[in-house]
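Notes follow the structure.
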Amino acid sequence: MKILEAKNITKMFPGVKALDSVDVAFEPGEIHAIIGENGAGKSTLIKCLTGVYEPEEGEVLIGGKHAEKNKTLFDKVAYVPQEIDLFANMSVAENLFIPYEKSGIKGQVNFKEIEKKAIPILKKFSIPVKPNDLVKDISVSSQQLLQIARATVHEEYDVLMLDEPTTSLTTSDTEILFDIVKKIKRENKSIIFISHKLEEIFALADVITVFRNGKKVAYSEIKDVDEGWVIKQMTGRDLDQNERFFSKKISDEVLMEVKNITGEKFSNVSFKLRKGEILGFSGLVGAGRSELMQAIFGYLPVYSGSIKIDGKDWKLGDTNYSVNNGVIYLPEERKKQGILPVLSIKENISISVLDKLKSGINLSNKKEEELAKKVIDIYAVKTPDSRKEIQFLSGGNQQKVIIGRAMACNPKLLIFDEPTKGIDVGTKTEIYRLMKKLAEEEKIGIIMISSELQEIKKCSNRVITMYEGKISGEFNNETEQEEILSAMIGVKSKEKGA
């Protein structure tokens, strides 16, 4: 029996057919992977299957019944979004059982009872927190597991939909999640697993459906296909999985020298970066990688130590100074920190260089439009025009706009924090090639923070690993993955000459 079906679904937006006559069905006791490039239609499908969007054509059936005619049927689909969507100033237990009436708690809320009921759920999901802990005080990975647990608290759900669930999880937390998903499968629930990480799909899924340009282009049992097949179905072309993207034109000139810097989440860190080099930083979530780079950029304080760029002492603790002097940080949380979602592409590009776009004392619309067109053309941003709100672009296209904006500032150093987070395999390759081009042709120094070892190996000239706030290893790009992983988890340290 098919518990959830989309039949001949077509969804239109102005000038765009987001879904084109899509048929897809989900079975109980099955893990069904959905994959496709950014903009392929996955998000639109999710919103149709959860009742957020109503399609122009076709129908959604839940348990064989028309969901559009009975909206309460959508309660049977539990959806966990990619972004953390919790109440930060409320407790873990309160977040689990909101709205309270659904947990059988009526009238005055008995918080002790809520906390008691939370204990077995936290144990089931291996979340190492207390029921009365505030969400803002627990780790990001615990928050992600918590919102997955929250979606399964209420017994009426038949379908669990997970959208990029491992984005904020450590390797060990991902293993915990997979075990939980398999348990839920054994409860005869249907799991929809949306991910850009092919290795996860092949480790977990039973079947796979591939979307491209708003259409369902392929379906298969996972045992009958390989990664090459999936990539070709997604992109319409073959991609070389062995292609490398590290810079081949590194200068002998040192761009940045970091000496013994210490901050809240890192201590005694030293390294050098050459012009035209791509330097990878890797480590587990919480290792201090992002905090280190945010301190170099000036967003977080440095307690001691020094930094020189181009041989000159670098001013610490001032992000405006960093931007004005050619150091740009591109954040991991693209939607929260990297873009101004309700502003246009044009406005998002021009926001960092307004002084350059003035005509007299006023902002020149012509100069602003010319810059936006240049960025859209150079970085192949897929959009009908520069006036489109950036929030409606795919993650990959948002990242291209952010890179274009950074380049308008004439940078000498770009810090990419998880640059391909939430981006499909085809667009990842575009981002990799772009970083390589910037390093080789513009002689920009690039620091790339990534949790994906395969990505780090593909792109970096050198790899520095961090563990518990300290550098635990330095490797060349031919080092075996296992050796790098050992340094990431603190098993051993290995130093190689820069």
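Everything numeric here is computed off the predicted structure, so don't read it as measured data. If you read the sequence from its start, that first residue is 1, and numbering goes on from there. Computed over heavy atoms, backbone and side chain alike; hydrogens, waters and symmetry mates excluded.
A heavy-atom distance below 4.5 Å is not found between the side chains of I9 and T44. P411 places a side-chain heavy atom less than 4.5 Å from the side chain of I444. Side chains of E57 and K11 form no contact here, defined as non-hydrogen atoms less than 4.5 Å apart.
To the nearest 0.5 Å, atoms OG (S282) and CE (M466) are separated by 11.0 Å. Once rounded to the nearest 0.5 Å, the distance linking CG of L354 with CG of L363 reads 6.0 Å. For the atom pair OG1 (T152) and CD (E187), the distance works out to 8.0 Å, reported to the nearest 0.5 Å. How far CD of E368 is from CD1 of I351: 9.0 Å, rounded to the nearest 0.5 Å. Interatomic distance, K373 NZ to S386 OG, rounded to the nearest 0.5 Å: 10.0 Å.
Between the side chains of T10 and E56, not a single donor N or O lies within less than 3.5 Å of an accepting N or O. A donor and an acceptor atom, one from each side chain of Y432 and E243, are nowhere located under 3.5 Å apart. Between the side chains of D173 and S141, a donor-acceptor pair is found at a separation under 3.5 Å. D417 and Y329 are linked by a side-chain donor-acceptor pair at a separation below 3.5 angstrom, with hydrogens and angles left out of the test.
The number of heavy atoms from other shown groups lying within 6.0 Å of OH (Y299) does not exceed 12. Sparse packing is recorded around NZ of K374, with 12 or fewer heavy atoms of other residues, nucleotides or ligands lying under 6.0 Å away. At most 12 non-hydrogen atoms from other residues, nucleotides or ligands lie less than 6.0 angstrom from CG of N213. Atom NZ of K7 has 12 or fewer neighbouring heavy atoms from other residues, nucleotides or ligands inside a 6.0 Å radius. Around atom NZ of K443, more than 12 heavy atoms belonging to other residues, nucleotides or ligands sit under 6.0 Å away. With a 6.0 Å radius and a threshold of 12 heavy atoms from other residues, nucleotides or ligands, R387 has its CZ atom at or below the threshold. In this structure, K366 places its NZ atom where only 12 or fewer heavy-atom neighbours from other residues, nucleotides or ligands lie under 6.0 Å away. The local environment of CD in Q454 is sparse, with at most 12 non-hydrogen atoms from other residues, nucleotides or ligands closer than 6.0 Å.
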Please evaluate residues N476 and T479 with respect to the criterion side-chain hydrogen bond (donor to acceptor under 3.5 Å, both in side chains), reporting the C-alpha separation (whole Å), side-chain torsions for both, the decisive distance (0.1 Å), and the verdict. CA-CA 6 Å; N476 64 45; T479 305; 3.3 Å; yes
Run the numbers on S451 and E418 for side-chain hydrogen bond (donor to acceptor under 3.5 Å, both in side chains), then give the verdict. CA-CA 7 Å; S451 300; E418 300 287 359; 2.6 Å; yes
Under the side-chain hydrogen bond (donor to acceptor under 3.5 Å, both in side chains) criterion, do H32 and T209 qualify, and how do the steps go? CA-CA 8 Å; H32 191 141; T209 294; 2.7 Å; yes
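Q144 places no side-chain N or O within donor-acceptor distance of the main-chain N or O of I84, the cut-off being under 3.5 Å. K265 places no side-chain N or O within 3.5 Å of a backbone atom of L292 that could act as its donor or acceptor partner.
Minimum interatomic distance between A439 and I278 (heavy atoms only, all atoms of both residues): CB-CG1, 4.0 Å. Nearest heavy atom pair, residue G36 against residue K42, reads O-NZ, 2.9 Å.
Applying the salt bridge (Lys or Arg N to Asp or Glu O under 4.0 Å) test between E452 and each of K458, K421, K457, K428 identifies K428 as the sole match.
A salt bridge links E369 and K346; the closest N-O separation between the charged side-chain nitrogens and carboxylate oxygens is under 4.0 Å. Taking 4.0 Å as the cut-off between side-chain N and carboxylate O, K185 and E30 do not count as a salt-bridged pair.
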